[in-house]
Amino acid sequence: MQRKEMIAMLLAGGQGSRLGILTRNMAKPAVTYGGKYRIIDFPLSNCINSGIDTVGVLTQYQPLRLNQHIGIGIPWDLDKKNGGVTILSPHVKGGGDAGEWFMGTANAIYQNLDFLDSYNPKYVLILSGDHIYKMDYAQMLEFHKKKEAAATIAVLEVSLEEASRFGIMNTEEDDRIYEFEEKPEHPKSNLASMGIYIFTWSRLREALLEDRKIHADSDFGQHIIPRMLKEGQTMYAYRFHGYWKDVGTIESYWQSNMELIQALPTFNLYEDFWKIYTNSDHQPPQYTAAGAKLTCSLACEGSEVYGTANRSILGPGVIVKRGAVVEDSIIMANTVIEENAKIYRCIVDENCTVSQGVVMGAGENIPNENKPKIYDSGITVVGDHSFIPPDVQIGKNCVIYGKTEAQDYPDGQLASGKSVMREVMI
């Protein structure tokens, strides 16, 4: 097999529990973003745009949707015999009768040493599958080679007030890293790790093997990077100045989507020189009926608007019927908003039906009683394949999942902060 200069290992097995009901049936990287994309499309597109043609995608939690979406990598031109995209899941080794889950970010790489050794790369790019950004990894590799580094870590300048939420790189004047602090209470710098690393493979391989003797749950931030620093290996911070967003909470996910509909969006999906590719079915054109109003919104292929959509994102195949109003909301693929329904500041997942006369997202901003740390920003969320019966009123920070019925809504209402969870009939 031809040796590759650099291959990418994309960590895509995270549950994304802070996204609540949106990740009940899928891993966070498979969640829809911007109407027709999925979160993992962004690092995959960055790879092919950067000239990287060999990518290992490490999956674990609820991988079915992710695997179906990636397939053999055709949309990203990663369907290659020598390289391409390979799905890497936890597996049984050595003829034993038990497998081993990926126990940490570095442990996931350790468990796939055979895959990496089969290409014998000079460098390895480690990526997270759950961030939104555009980045030329080739430029980062040139920086890494110029510095003759054992590891290069992409960093983003954040405010000192925010720095305690991140892994922070403390550097010399030339950006050589002398210390790594994981979520420090009193940060010394504002250079936050983006979870994007380039390692010289021989150095990383050695560190993984040695650390395995001590930590079964080996992690890059907690173990590998501090270990290599302690050994005196040369590590540099690579400063990134573009748009980067961790859409790991309901509020950040909603906010990042809403930024796409600005007249001059901070994150531009329309650039020809750095396209974002995705695996999408061929859909009929988007249709807007006479008398419909579609303002400051993204409406994907196959969507039909007969009512009103304002400051919203409508996924492929979404139908907004006559008299219905959708505002400040994200409506995912193949969902139907029936006549005279009113949807305000909500996220409605794929294949749902919001029946006629429903009013959703109005009322007081009361945190959800079951998961107040996840649903506290006034956004009501409906899980995939859910049904909401006619003429009910639903408040803010509510969670709805499954085929709900009129009796689930006492007096025709679901107060702010309440939840209804039923089995989904697909």
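Atoms considered below: every heavy atom in the structure, side chains included; atoms not considered: hydrogens, waters and symmetry mates. In this text, all values refer to a predicted model and were calculated from it rather than measured experimentally.
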Got Glu338 and Val336 here, is their nearest side-chain heavy-atom distance under 4.5 Å?
-> yes
Check whether any side-chain N or O of Asp384 sits under 3.5 Å from a backbone N or O of Asp349 as a donor-acceptor pair, and report yes or no.
no
Donor-acceptor contact below 3.5 Å, side chain Ser297 vs main chain Thr295:
yes
- request: Start with the C-alpha distance between Ile132 and Ile39, add both sets of side-chain angles, then the distance that settles side-chain contact (heavy atoms from CB on, under 4.5 Å), and finish with yes or no.
  value: CA-CA 7 Å; Ile132 305 295; Ile39 295 172; 4.1 Å; yes
Look at Asp328 together with Arg311 and state whether they make a salt bridge at an N to O cut-off of under 4.0 Å. yes
Should the pair Lys183 and Phe166 be classed as cation-pi, given the thresholds of under 6.0 Å to the six-membered ring centre and 45° from the axis?
no
Taking Cys352's backbone N and O only, do any of them form a donor-acceptor pair with Thr335's side chain (distance below 3.5 Å, no angle check)? yes
| task | Identify whether the distance between the nearest side-chain nitrogen and carboxylate oxygen of Asp174 and Lys147 falls below 4.0 Å. | result | no
Within 45 degrees of the ring normal and closer than 6.0 Å to the centroid, is that where the cationic atom of Arg38 sits relative to Tyr33?
no
Verify whether one side chain among Thr288 and Gln286 offers a donor that lies under 3.5 Å from an acceptor in the other. yes
request  = Ignoring hydrogens and angles, state whether a donor on the side chain of Thr234 or Glu148 is under 3.5 Å from an acceptor on the partner side chain.
outcome  = no
- Message: Please check: side-chain N/O of Lys342 versus main-chain N/O of Ala362, any donor-acceptor pairing under 3.5 Å?
- Response: no
message: Between His186 and Ser164, do the side chains contain a donor N or O and an acceptor N or O under 3.5 Å apart?
response: no
Worksheet item: What about the rings of Phe42 and Tyr277, do their centers lie closer together than 6.0 Å?
Response: no
Does one side chain, of Asn170 or Ser189, offer a donor that lies under 3.5 Å from an acceptor on the other? yes
Q) Given Arg203 and Glu206, is the salt bridge (charged side-chain N to carboxylate O under 4.0 Å, His left out) satisfied, shown in steps? A) CA-CA 5 Å; Arg203 305 282 188 86; Glu206 181 181 354; over 6 Å; no
Q | Chi angles and distances behind the side-chain contact (heavy atoms from CB on, under 4.5 Å) call for Ile198, Leu141 | A | CA-CA 7 Å; Ile198 291 180; Leu141 177 60; 4.1 Å; yes
Are the side chain of Asn351 and the backbone of His385 linked by a donor-acceptor contact shorter than 3.5 Å?
no
Polar side-chain atom of Arg345 near backbone of Ser377 as donor-acceptor pair, under 3.5 Å:
yes
Side-chain heavy atoms of Ile7 within contact of Val55, under 4.5 Å:
no
Checklist entry - Strictly by modelled atom types, are Asn190 and Ser159 linked by a side-chain donor-acceptor pair under 3.5 Å? => result no
Is any side-chain N of the basic residue among Lys145 and Glu5 closer than 4.0 Å to the acidic one's carboxylate O? yes
Margin query: Just checking Glu251: does its CD atom have more than 12 heavy atoms from other residues, nucleotides or ligands closer to it than 6.0 angstrom?
Written below: no
query = In terms of side-chain geometry, is the basic nitrogen of Glu364 or Lys396 positioned less than 4.0 Å from the acidic oxygen of its partner?
reply = no
Next on the checklist: Checking side-chain polar atoms at under 3.5 Å, does Asn46 have a donor or acceptor matched by the opposite partner on Trp274?
Outcome noted: yes
Has Asn112 got a side-chain atom pairing as donor or acceptor with Ala108's backbone, closer than 3.5 angstrom?
yes
- Query: How about Ser252 and Thr249: do any of their side-chain heavy atoms sit closer than 4.5 Å?
  - Reply: yes
### Task
Examine distances only and state if a side-chain atom of Ser312 and a backbone atom of Ser329 form a donor-acceptor pair shorter than 3.5 Å.
yes
What verdict does the side chain to side chain donor-acceptor pair (under 3.5 Å) test give for Tyr401 and Asn25, after you've listed the backbone C-alpha separation in whole Å, the side-chain angles of each residue and the deciding distance to 0.1 Å? CA-CA 11 Å; Tyr401 182 76; Asn25 297 318; 3.0 Å; yes
Got a donor-acceptor contact below 3.5 angstrom from the Asn49 side chain to the Ser45 backbone? yes
Exercise for review: Would you sort out whether Lys418 and Asp408 count as a salt bridge (charged side-chain N to carboxylate O under 4.0 Å, His left out), showing the intermediate values?
Suggested key: CA-CA 11 Å; Lys418 300 292 185 178; Asp408 294 316; over 6 Å; no
| query | Going through the distances and angles, do Leu125 and Met9 end up as a side-chain contact (heavy atoms from CB on, under 4.5 Å)? | reply | CA-CA 6 Å; Leu125 171 67; Met9 299 291 278; over 6 Å; no
Evaluate the criterion ring-ring contact (aromatic ring centres under 6.0 Å, His included) for residue pair Tyr123 and Tyr197; output intermediate values, then yes/no.
-> CA-CA 10 Å; Tyr123 307 103; Tyr197 318 118; over 10 Å; no
Check your understanding: Would you say the side chain of Tyr238 lies within less than 4.5 Å of the side chain of Ile196, judging by non-hydrogen atoms?
Key -> no
What I want to find out is whether Glu259 reaches Lys245 closely enough, with some N-O distance under 4.0 Å, to be called a salt bridge. yes
Checklist entry - Taking the side chain as C-beta and beyond, is there a heavy-atom pair between Val318 and Asn334 under 4.5 Å? => result no
(request) Output yes when a side-chain donor or acceptor of Ser218 lies under 3.5 Å from a complementary backbone atom of Asn107, and no otherwise. (result) no
Taking the side chain as C-beta and beyond, is there a heavy-atom pair between Met235 and Ile153 under 4.5 Å? yes
**Study point:** side-chain contact (heavy atoms from CB on, under 4.5 Å) assessment of Leu10 paired with Ile40
**Key:** CA-CA 9 Å; Leu10 204 165; Ile40 199 170; 4.1 Å; yes
Do Asn397 and Asp376 have a side chain donor and acceptor closer than 3.5 Å?
no
**Request:** Salt-bridge test for Lys146 and Glu142: reply yes if a basic N is under 4.0 Å from a carboxylate O, no otherwise.
**Result:** no
(request) For atom CD of Glu157, decide whether the heavy atoms of other residues, nucleotides or ligands shown that lie under 6.0 angstrom number more than 12. (result) yes
Original post:
Just by distance, with hydrogens left out, do Tyr243 and Ser256 show a side-chain donor and acceptor under 3.5 Å apart?
Top reply: yes
- request: Answer yes or no: is there a side-chain heavy-atom contact under 4.5 Å between Thr59 and Ile87?
  value: yes
Checklist entry - Does some side-chain heavy atom of Met360 sit less than 4.5 Å from a side-chain heavy atom of Ile388? => result yes
Exercise for the section: Check the angle between the aromatic planes of Tyr133 and Phe240 and answer parallel, tilted or perpendicular using the 30° and 60° thresholds. Expected result: perpendicular
